[in-house]
Amino acid sequence: MHTGSWQRVRLRGSAVAILGGLVVIQAGCGANAAGSGGSGSEARLQVVTTVSPITSIAANVIGDKADITGVVPEGTNSHTFEPPPSAAAVLSKADVVFINGLRLEDPTRELAEENKNDDAEIVELGTMVLPESQWIYDFSFPKEEGKPNPHLWTDPLYAIRYAGVIRDTMVGRDPANQATFQANYTAFQRKATALSEALKQDQATIPGSKRELLTYHDAYAYFAKDYGWRVIGAIQPENFEDPTPREVATLIDQVKREQVPTIFGSEVFPSKVLEQIGRETGARYEDTLRDDDLPGKPGEPEHSWLGLMRYDYRTMIRGLGGTSAALDALDTNDVAPDQAEYPQ
Ligand SMILES: [Zn+2]
């Protein structure tokens with residue numbers, strides 16, 4: 001990527017004006033329009049994304065029609081992530097910045113606002129597809145803190161809508177590639193719908209229809225609502241530390257009472273508390289769910305939003321005693337070559 005010395009350049013006194021789609025650069029400015037993605041220009045559009053599931057959805061829709069760079073490394077806590085100074089340089093070159101929104105990436109958003117080009121846009125996918133009246137607040141994301149549960153991408157219905165916003169944004173920026181963005185979107189929408197159908201088939205095999213989730217990281221609130229699951233608890237408080245002994249005791253009682261066979265931890269957040277709850281209740285502790293860390297390595301087929309969600313649904317359904325034949329049979333290959341940069 002572009003790592004040369006970079007300086008924030010401010011164009012004072014409104015040297016650049018955009019009038020009816022025409023970029024007018026006043027004499028004496030000397031600025032170079034390359035990289036602004038004007039139609040007919042050779043410059044490739046620069047797309048910046050945040051968490052890896054969003055990077056993957058963007059890569060499916062955009063394919064090789066733009067450079068895509070993620071800024072949130074996989075395996076880090078995206079909820080507390082503070083972008084390093086080097087991210088400012090990446091954001092300064094962006095034409096479009098796709099973030100989840102719903103206040104997940106406030107520090108990255110602020111850095112983008114401070115450093116972006118005047119004609120670059122920040123697109124908050126989640127905030128665009130979910131009206132505020134439907135934001136979910138819960139134990140890990142209490143209303144008093146003002147930050148709703150941001151995990152829309154674990155629900156295929158919303159992932160499809162993210163892809164739709166990405167398509168529309170890209171068509172606006174690069175109308176010459178409209179047919180590609182549309183075809184990729186349609187192919188992605190079909191695959192995400194097939195994932196959704198396989199999920200419905202396999203979740204029906206869970207004995208007693210006990211679609212109950214006790215998770216550490218609270219990443220399935222919207223998914224649960226749309227697919228008829230019940231989140232019986234999440235253990236991670238809003239400060240991303242461990243719950244109090246009293247809260248743990250309450251959860252232990254609940255797991256015993258509801259005879260939950262498996263409790264789910266997250267790969268990114270190892271939890272001694274879940275281990276303890278497992279020991280004291282006899283529930284199996286399955287510690288490999290992942291909400292924004294794709295399986296495999298960049299370039300491998302499973303390293304994708306489709307691979308991520310297939311992995312999680314399969315883990316949840318099998319953990320609760322069901323079978324995953326439909327999910328197993330699913331083709332999770334991306335619809336377009338994924339050349340995005342995923343920081344590790
Ligand atoms: Zn998360």
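Note that ligands are numbered from 1 as they come in the structure, with each ligand's atoms numbered from 1 the same way.
- Residue His151 approaches the Zn ion (ligand 1) most closely through its N/O/S atom NE2.
- A donor-acceptor pair under 3.5 Å links the side-chain atoms of Lys191 to the main chain of Asn333, judged by distance alone.
- With the Zn ion (ligand 1) as the vertex, atom NE2 of His79 and atom OD2 of Asp291 span an angle of 170° (nearest 10 degrees).
- None of the N, O or S atoms belonging to Asp292 lies under 2.8 Å away from the Zn ion (ligand 1).
- Between Leu45 and the choices Val96, Asp174, Asp67, the side-chain contact (heavy atoms from CB on, under 4.5 Å) rule is met once, by Asp174.
- Applying the side-chain contact (heavy atoms from CB on, under 4.5 Å) test between Thr50 and each of Leu125, Thr55, Thr108, Asp292 identifies Thr108 as the sole match.
- Salt bridge annotation for Glu286-Arg318: absent, with no cationic side-chain nitrogen under 4.0 angstrom from a carboxylate oxygen.
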